[in-house]
Peer 1: 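Quick one: the structure is below, questions incoming.
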Amino acid sequence: MATITFHGAAQEVTGSCHMVESSSFGRILLDCGMHQGGHNVDRIQKEVFEFNPEEIDAVILSHAHLDHSGMLPKLVSQGFSGNIYCSKATVGLLDIMLKDSAGIYFGDLERENVRRARKGKEPLLPEYTDEDVENTLKRCKGIEYKKEVEVLNGLTIQLQDAGHILGSAIVTLFIHEQGLHKKLVFSGDLGNKNAVLMKDLSIIEEADVVLMESTYGDRNHKKIEDTLEQLRTILIDTQARGGNIMIPAFAVGRTQEILFYLGTLHKEGLLKNWHVALDSPMAIEVTRVYDKWFSALDQAEIQLASPDATSILKDFIPNLYLAVSVEESIAINRIQKGAIIIAGSGMCTGGRIRHHFKQRIWDSRNTLIFCGYQANGTLGRLLVDGKKHIKIFNDDFAVKAQIETLGGFSAHAGQDQLMEWLTGFKNNPSVVLVHGEPKALDALSNLIWNDLNIRVRVPQRGDSMVF
């Protein structure tokens, strides 16, 4: 008898973590992600595993985004000693993502302990160490798409391209127990077919159970042509005001897509008076990984826009300014107008974008563009929802910059694309919706019932089901 227990991304978008257990192979985790939103130190200190990490035999990781991978070092710190299986490209991205996340966490923890010392409180101990990060990376086993790999006695897995970010995977579990063969498909995050750099997501035809993400289960994305036209208008209007543009961007996936589309606008002559700055050491390193795997990207789309391109960093935008050091980041502040600043983090929960907010968000000449999903509780979500005053670094700032949202650049499948993927299954599997907020879950579950006559399950965190 196999059981799934939902420990994260259940009626919420972040913190992906699902435990599958069976008498034949033991216990595995599908993802081990971080909940996003709120204070970084509080979030990591208070994240509690509702299982014993020592009893987990393996982790199967869908992709490198921190809401799917960010708690792996803490899992290792608390006794996990198995292997972590993911795609080969994901292994390369994790080396950057987990080290960067740890650096931010340790820095925030140090500042928090200074504040605690001033109040006479005991310091907080770190939940994991640099050594735990290194041990996590050593446990990663990269496997090729479509290759079936036995990871435990009674459990074989296969990864197929999810089209979401570099290395993202749809995970299929082949479970063998008591003479029966069961097939569980975990979608991970499914990609937007309009995403120019990623190949289209794989279609799978058979499963007993499908765990499917539903981030955009209640809506579709704008057409990419409409989104590009909106971006053109923003550039023209902001330039007329003598302003600058700030783009909070996820280091993996979104940054590379934005660079591509800005490159297309450069070829139209629209960036002639703009300075484009990529102010994120992690995004720069990640883009170098994308360049390493450039041949694995969607060459048909790339060649249409940039026929001779062999590199994102070198070929899309000439004279792209790469800010690695703090000094290089601060130098961007000297640009009074005509700066397009791409900086992390994508949901504004940390990173250099907040420093640029401090310099520019109070100025109505400037524009702030959101290109990706903003989870509940994040600064990005507050700004999208229209908050007029925010606190950054313990100072209050008025929000006077123009706020824009570009829906077509999303790396997630929209509602129609989710339904198209699900209808690829030919044997009417059981469907479980995860990784979505209640409104999206409700809309998608009703659509699946009305169109496919499938009654889906929408678990809460901590729920279990037998299959």
Peer 1: If you apply the rule side chain to side chain contact (heavy atoms under 4.5 Å, CB included), what do you find for His412 with Glu213, and how did you get there?
Peer 2: CA-CA 9 Å; His412 284 267; Glu213 71 115 324; 3.1 Å; yes
Peer 1: Is it true that a side-chain atom of Ser214 and a backbone atom of Val434 form a donor plus acceptor pair closer than 3.5 Å?
Peer 2: yes
Peer 1: Which of these, Leu30, Val210, Asp208, Val171, sits in a side chain to side chain contact (heavy atoms under 4.5 Å, CB included) with Leu184?
Peer 2: Leu30
Peer 1: Looking only at side chains, do Asp31 and His18 share a donor and an acceptor under 3.5 Å apart?
Peer 2: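 No pair is found: no donor N or O on one side chain lies under 3.5 Å from an acceptor on the other.
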Peer 1: Between Ser77 and Pro73, is there a donor-acceptor pair closer than 3.5 Å when you use the side chain of the first and the backbone of the second?
Peer 2: no
Peer 1: Backbone N or O of Asn52 within a donor-acceptor pair of the Glu55 side chain at under 3.5 Å?
Peer 2: no
Peer 1: Any ion pair linking Glu285 and Arg288 (charged N to carboxylate O, less than 4.0 Å)?
Peer 2: yes
Peer 1: Is it true that the side chains of Thr367 and Thr238 contain a donor and an acceptor less than 3.5 Å apart?
Peer 2: yes
Peer 1: Can you check side chain to side chain donor-acceptor pair (under 3.5 Å) on Asn194 and His221, steps first, answer last?
Peer 2: CA-CA 9 Å; Asn194 292 326; His221 305 305; over 6 Å; no
Peer 1: How many angstroms lie between OG1 in Thr156 and CZ in Phe25, if you round to the nearest 0.5 Å?
Peer 2: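 Thr156 atom OG1 to Phe25 atom CZ measures 10.5 Å (nearest 0.5 Å).
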Peer 1: Can you check whether Ile44's main-chain N or O pairs, donor with acceptor, with Lys74's side chain at less than 3.5 Å?
Peer 2: yes
Peer 1: Considering only NZ, NE, NH1 and NH2 on the basic side and carboxylate oxygens on the acidic side, decide whether Asp226 and Lys223 come within less than 4.0 Å.
Peer 2: no
Peer 1: What's the verdict on side chain to side chain contact (heavy atoms under 4.5 Å, CB included) for Phe393 and Arg354, showing C-alpha distance, side-chain angles and the deciding distance?
Peer 2: CA-CA 9 Å; Phe393 307 119; Arg354 295 163 74 98; 4.1 Å; yes
Peer 1: Does the gap between the ring centers of Phe316 and Tyr261 come in under 6.0 Å?
Peer 2: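 Not under 6.0 Å, so no.
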Peer 1: Pairing donors with acceptors under 3.5 angstrom, does anything connect the side chains of Glu12 and His435?
Peer 2: no
Peer 1: Between CH2 of Trp449 and CG of Leu447, what distance do you get to the nearest 0.5 Å?
Peer 2: 13.0 Å
Peer 1: Which distance, rounded to the nearest 0.5 Å, do you find between the CG of Leu61 and the OH of Tyr85?
Peer 2: 13.0 Å
Peer 1: Would you say the side-chain atoms of Trp421 pair up with the backbone N or O of Met212, donor to acceptor, closer than 3.5 Å?
Peer 2: no
Peer 1: Between Glu144 and Lys88, is a salt bridge (charged side-chain N to carboxylate O under 4.0 Å, His left out) present by the stated rule, with each step listed?
Peer 2: CA-CA 7 Å; Glu144 298 176 2; Lys88 290 184 176 181; 3.5 Å; yes
Peer 1: State, without any angle test, whether Asp218 and Tyr216 hold a side-chain donor-acceptor pair at a distance under 3.5 Å.
Peer 2: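 No, no side-chain donor-acceptor pair sits under 3.5 Å.
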Peer 1: Could you tell me if the side chain of Lys183 sits less than 4.5 Å from the side chain of Ile175, heavy atoms only?
Peer 2: no
Peer 1: Without hydrogens or angle criteria, can the side chains of Asn376 and Arg381 be said to hold a donor-acceptor pair below 3.5 Å?
Peer 2: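 Note: Asn376 and Arg381 side chains meet the donor-acceptor criterion.
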Peer 1: Please lay out, stage by stage, how Leu98 and Ser69 fare under the test side chain to side chain contact (heavy atoms under 4.5 Å, CB included).
Peer 2: CA-CA 8 Å; Leu98 295 183; Ser69 68; 4.2 Å; yes
Peer 1: Does Asn220 reach the main-chain N or O of Asp416 with its side chain, forming a donor-acceptor pair under 3.5 Å?
Peer 2: yes
Peer 1: Any side-chain to backbone donor/acceptor pair from Thr378 onto Ala375? Under 3.5 Å, distance only.
Peer 2: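 Yes; judged by distance alone, with no hydrogens or angles, the pair exists.
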Peer 1: Within a strict 4.5 Å, meaning less than it, do heavy atoms of the Leu72 and Val59 side chains meet?
Peer 2: yes
Peer 1: Is the Phe49-His7 ring centre distance short of 6.0 angstrom?
Peer 2: no
Peer 1: Do Ile170 and Ile204 make a side-chain contact, defined as non-hydrogen atoms from C-beta onward lying under 4.5 Å apart?
Peer 2: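 The answer is yes, as the side chains (C-beta and beyond) meet within the 4.5 Å cut-off.
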Peer 1: Check this for me, if you would: do Lys391 and Asp395 make a salt bridge, where the nitrogen-to-carboxylate-oxygen distance has to be below 4.0 angstrom?
Peer 2: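 Not counted as a salt bridge, because no side-chain N and carboxylate O are separated by less than 4.0 Å.
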Peer 1: Walk me through whether Asn366 and Gln402 qualify under side chain to side chain donor-acceptor pair (under 3.5 Å).
Peer 2: CA-CA 6 Å; Asn366 297 326; Gln402 308 299 307; over 6 Å; no
Peer 1: Are His164 and His65, when compared by the centres of their aromatic rings, separated by less than 6.0 Å?
Peer 2: yes
Peer 1: Counting only N and O atoms by type, is there a donor-acceptor contact under 3.5 Å from the side chain of Thr255 to the main-chain atoms of Phe250?
Peer 2: yes
Peer 1: Under 6.0 Å from the CD atom of Glu328, do we count more than 12 heavy atoms belonging to anything else shown?
Peer 2: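 Counting neighbours around CD of Glu328, more than 12 heavy atoms of other residues, nucleotides or ligands fall under 6.0 Å, so yes.
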Peer 1: Is it the case that over 12 heavy atoms from other parts of the model lie below 6.0 angstrom from the CZ atom of Arg115?
Peer 2: yes
Peer 1: Would you mind reporting whether Phe51 and Leu29 have side-chain heavy atoms less than 4.5 Å apart?
Peer 2: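 Counting from C-beta outward, Leu29 and Phe51 do come under 4.5 Å.
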Peer 1: Treating Ser87 as the side-chain partner and Gly167 as the backbone partner, does any N or O pair qualify as donor plus acceptor under 3.5 Å?
Peer 2: yes
Peer 1: Is it true that the side chains of Asp67 and Thr14 contain a donor and an acceptor less than 3.5 Å apart?
Peer 2: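 Result is no, nothing qualifies.
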Peer 1: State whether the side chain of Tyr290 and the backbone N or O of Leu197 hold a donor-acceptor pair below 3.5 Å, judged by distance alone.
Peer 2: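 Side chain of Tyr290 to backbone of Leu197: no pair is present.
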Peer 1: For Thr129 and Glu131, does a side-chain donor sit closer than 3.5 Å to a side-chain acceptor?
Peer 2: no
Peer 1: Do Asp279 and His356 have a side chain donor and acceptor closer than 3.5 Å?
Peer 2: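 Yes.
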Peer 1: Do you see a donor-acceptor pair shorter than 3.5 Å between the side chains of Thr3 and Glu21?
Peer 2: no
Peer 1: Please examine the side chains of Leu444 and Val456, heavy atoms only from C-beta on, and report whether any two atoms are closer than 4.5 Å.
Peer 2: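 No, side chains not in contact.
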Peer 1: Go through it in stages, so that I can follow the logic: the residues are Glu47 and Gln45, the test is side chain to side chain donor-acceptor pair (under 3.5 Å), and I'd like the CA-CA distance, side-chain angles, deciding distance and then a yes or no.
Peer 2: CA-CA 6 Å; Glu47 192 89 47; Gln45 298 290 125; over 6 Å; no
Peer 1: For atom CD of Glu110, decide whether the heavy atoms of other residues, nucleotides or ligands shown that lie under 6.0 angstrom number more than 12.
Peer 2: no
Peer 1: Please find out if less than 6.0 Å separates the ring center of Phe409 from that of Phe370.
Peer 2: no
Peer 1: Quick one: are Cys371 and Ile258 in side-chain contact, heavy atoms under 4.5 Å?
Peer 2: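 Answer yes - side chains close enough.
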Peer 1: Considering residues, nucleotides and ligands other than Met465, do more than 12 of their heavy atoms fall under 6.0 Å from its CE?
Peer 2: yes
